[in-house]
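Below: the structure, in structure tokens.
Predicted, not measured: the structure shown is a model, and the values here were computed from it.
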Amino acid sequence: MNIEHKMPEAYLKHKVFDDLKYMKEFYDSISMSCFCFVATGTHGINNYASYVYSAIEGTLDSITICCTKVTSVRHKIKKMNPS
């Protein structure tokens, strides 16, 4: 059973979420911009930089998800141990 806990509105409006959104958009745009350039110094790996920037964007997306959609594990533990 997966119970999601909605975070308070004040928490979700924290500046860090704007910063995460800005950084995700930045890394998305830079990964698309550098996709047409061929990486030098590596043979057999075409345009690794685009994949690196895309991975950073994905990591930032995961951080955002972890911060906004928290499963209520603490709530379950408190129900089991109501001390």
So which pairs with a foot in residues 15-24 pass side chain to side chain donor-acceptor pair (under 3.5 Å), sequence neighbours left out? K15-D19, K24-D61

Sequence neighbours excluded, every pair satisfying salt bridge (charged side-chain N to carboxylate O under 4.0 Å, His left out) that has a member inside residues 25-36: none

Which distance, rounded to the nearest 0.5 Å, do you find between the CD1 of I30 and the CD1 of I56? 8.5 Å

ILVMFWY network linking M32 to Y27, side-chain heavy atoms under 4.5 angstrom: no

If you measure from CG on L20 to OG1 on T64, what distance do you get to the nearest 0.5 Å? 4.0 Å

Has S50 got a side-chain atom pairing as donor or acceptor with C34's backbone, closer than 3.5 angstrom? no

Should Y11 and F17 count as side-chain neighbours, where that means a heavy-atom distance under 4.5 Å? yes

To the nearest 0.5 Å, what is the distance between SG on C67 and CG on L12? 10.0 Å

